[in-house]
Amino acid sequence: MEDSLNKDKPEVRLRAFRAIDEPETCQLFIEGHTHVLTSIGVTKVTSSKNEWTKNPAAFVMIVESMDGKRVYGGARVHVAGGSEPLPIEQATGAMDNGIFDLVWKFAQHGTGELCGLWNSREIAGYGIGCIFLIRTAVAISYQIGIQSLFALCAPYTIPPGEAVGMELESSIGIDGTFYYPKLDLVATTMVLKDVPTMSKAYEEDKNAIMKIRENLQITRVEVLRKKEITIHYDIKIPNLDKWDLQATIQQAQKTFLSTKIDERDLNIL
């Protein structure tokens with residue numbers, strides 16, 4: 001397919017939706033993400049079965065061409081209490097089952113995870129994958145109603161994670177780190193503990209997120225290292241009236257309790 005991105009004056013749309021509402025777009029997300037992962041030698045991750053496409057508590061952000069025919073990047077926010085554990089629980093639970101207690105501690109008030117972050121080479125260098133999708137994830141987390149947000153960060157996503165107010169969570173793994181998704185790659189557990197206020201976010205990032213939150217359909221000229229990109233933010237999530245956070249939290253409690261029962265059985269053995 002012909003590349004429709006104007007490299008001199010790139011212009012894209014960044015929009016958000018619930019995964020179950022757009023199965024065809026989810027498939028485009030999967031294809032793009034898979035291509036990026038295989039290009040760096042990662043052929044197996046815990047979400048590779050893509051069950052998230054059927055998860056009613058999974059929300060998707062995509063960066064697409066203005067005509068909607070190409071997807072240049074994306075990310076997801078999964079809320080604890082959906083039809084599957086959070087990706088961080090699936091990825092690290094076998095290495096440190098303390099992750100289940102940690103997630104439940106935050107899930108009681110509504111928590112989620114930023115995951116599946118990627119961007120294509122076509123749009124590399126404009127900050128889509130390392131800044132603007134992360135900011136948008138925080139903005140839609142507020143819209144969804146959750147109070148906190150986890151992330152399992154690669155080294156290059158730690159600084160932009162800190163910029164939006166995320167902190168290292170050292171209580172699990174090796175001071176918060178795991179070898180994932182393969183032994184020569186290190187992933188760091190981080191948590192944004194206050195989605196509504198972002199008290200530890202850098203001023204520039206906090207201001208940008210607040211402006212997006214206040215106007216979910218806004219066009220901004222974003223600048224990174226003197227490179228400009230026009231982003232048409234369209235992150236008002238459709239059908240959010242069908243979303244029930246409290247019911248999702250109740251399901252998270254049931255899942256957590258069943259996990260604790262399983263652990264007790266294992267200890268008896």
Side-chain angles (χ1 to χ4, degrees), residues 19 33 37 42 44-52 54-59 75-117 134 137-138 141 144-158 160-162 164-195 200 245 248-269:
H33 193 198
L37 289 174
V42 177
K44 185 178 181 181
V45 293
T46 52
S47 58
S48 60
K49 294 180 182 177
N50 299 311
E51 291 298 314
W52 61 264
K54 305 169 190 171
N55 183 352
F59 296 84
R76 307 190 305 273
V77 171
H78 290 204
V79 179
S83 56
E84 58 181 352
L86 291 183
I88 193 172
E89 294 177 283
Q90 298 179 57
T92 69
M95 294 179 271
D96 186 345
N97 61 19
I99 185 62
F100 301 114
D101 294 273
L102 179 64
V103 167
W104 171 238
K105 171 186 170 184
F106 287 96
Q108 295 172 59
H109 307 288
T111 196
E113 179 184 352
L114 165 59
C115 56
L117 180 68
I134 293 175
V138 177
S141 293
I144 294 165
I146 58 178
Q147 300 298 302
S148 56
L149 187 66
F150 281 82
L152 195 55
C153 293
Y156 70 92
T157 55
I158 292 174
E162 291 175 333
V164 300
M166 287 188 164
E167 304 171 63
L168 169 69
E169 177 53 63
S170 61
S171 66
I172 57 170
I174 305 169
D175 292 325
T177 64
F178 295 89
Y179 290 105
Y180 179 83
K182 56 181 188 172
L183 286 176
D184 59 343
L185 295 177
V186 177
T188 300
T189 308
M190 300 188 75
V191 189
L192 172 59
K193 297 178 180 178
D194 53 356
V195 165
K200 296 194 174 181
L245 178 60
T248 307
I249 292 173
Q250 290 173 12
Q251 184 56 49
Q253 182 179 26
K254 292 177 184 177
T255 303
F256 172 71
L257 292 174
S258 68
T259 301
K260 299 309 288 183
I261 291 170
D262 291 343
E263 285 180 8
R264 190 165 65 242
D265 291 343
L266 287 171
N267 289 337
I268 291 171
L269 294 173

Straight-line distance of [X] [atom1] to [Y] [atom2], nearest 0.5 Å:
X	Y	atom1	atom2	answer
Phe100	Thr92	CZ	OG1	7.0 Å
Arg76	Trp52	CZ	CH2	5.0 Å
Lys193	Leu149	NZ	CG	13.5 Å
Ile146	Ser141	CD1	OG	3.5 Å
Thr188	Ile174	OG1	CD1	10.5 Å
Glu169	Phe106	CD	CZ	6.0 Å

Taking all non-hydrogen atoms of both residues, which atom of [X] and which atom of [Y] are closest, and how far apart?
X	Y	result
Thr248	Ala80	CG2-O, 3.3 Å
Leu168	Gly176	CD1-CA, 4.3 Å
Met190	Met166	CE-O, 3.8 Å
Gly82	Asn55	CA-OD1, 3.4 Å
Pro85	Gln90	O-NE2, 2.8 Å

Residues which pass side-chain contact (heavy atoms from CB on, under 4.5 Å) with Ile172, listed by chain and number, not counting sequence neighbours: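 Ile172 satisfies side-chain contact (heavy atoms from CB on, under 4.5 Å) with Asp96, Ile99, Leu102, Phe178, Thr189 only.
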With sequence neighbours excluded, residues passing side-chain contact (heavy atoms from CB on, under 4.5 Å) with Gln250: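 Checked Gln250 against side-chain contact (heavy atoms from CB on, under 4.5 Å); zero matches.
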Pairwise side-chain contact, Asp101 with Phe256, heavy-atom cut-off 4.5 Å (strictly under):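 The answer is yes, as the side chains (C-beta and beyond) meet within the 4.5 Å cut-off.
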Ile144 vs Val195 side-chain heavy atoms within contact, under 4.5 Å: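 No, their side chains stay 4.5 Å or more apart.
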Atom pairs and distances, donor-acceptor, side-chain atoms in residues 107-117, under 3.5 Å, two or more places apart:
| residue | atom | partner | partner atom | Å |
| --- | --- | --- | --- | --- |
| Gln108 | NE2 | Trp104 | O | 3.3 |
| Thr111 | OG1 | Ser148 | O | 3.4 |
| Thr111 | OG1 | Ser148 | OG | 2.7 |
| Glu113 | OE1 | Ile88 | N | 2.8 |
| Glu113 | OE2 | Ile88 | N | 3.4 |

Test side chain to side chain donor-acceptor pair (under 3.5 Å) applied to Gln147 - qualifying residues, sequence neighbours left out: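 Here no residue qualifies.
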Residues in side chain to side chain donor-acceptor pair (under 3.5 Å) contact with Glu167, at least two apart in sequence or another chain: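 Partners of Glu167 under the side chain to side chain donor-acceptor pair (under 3.5 Å) test: Lys200.
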Those residues that, when tested against Lys54, pass salt bridge (Lys or Arg N to Asp or Glu O under 4.0 Å) (two or more places apart):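 Listed in chain order: nothing, the list is empty.
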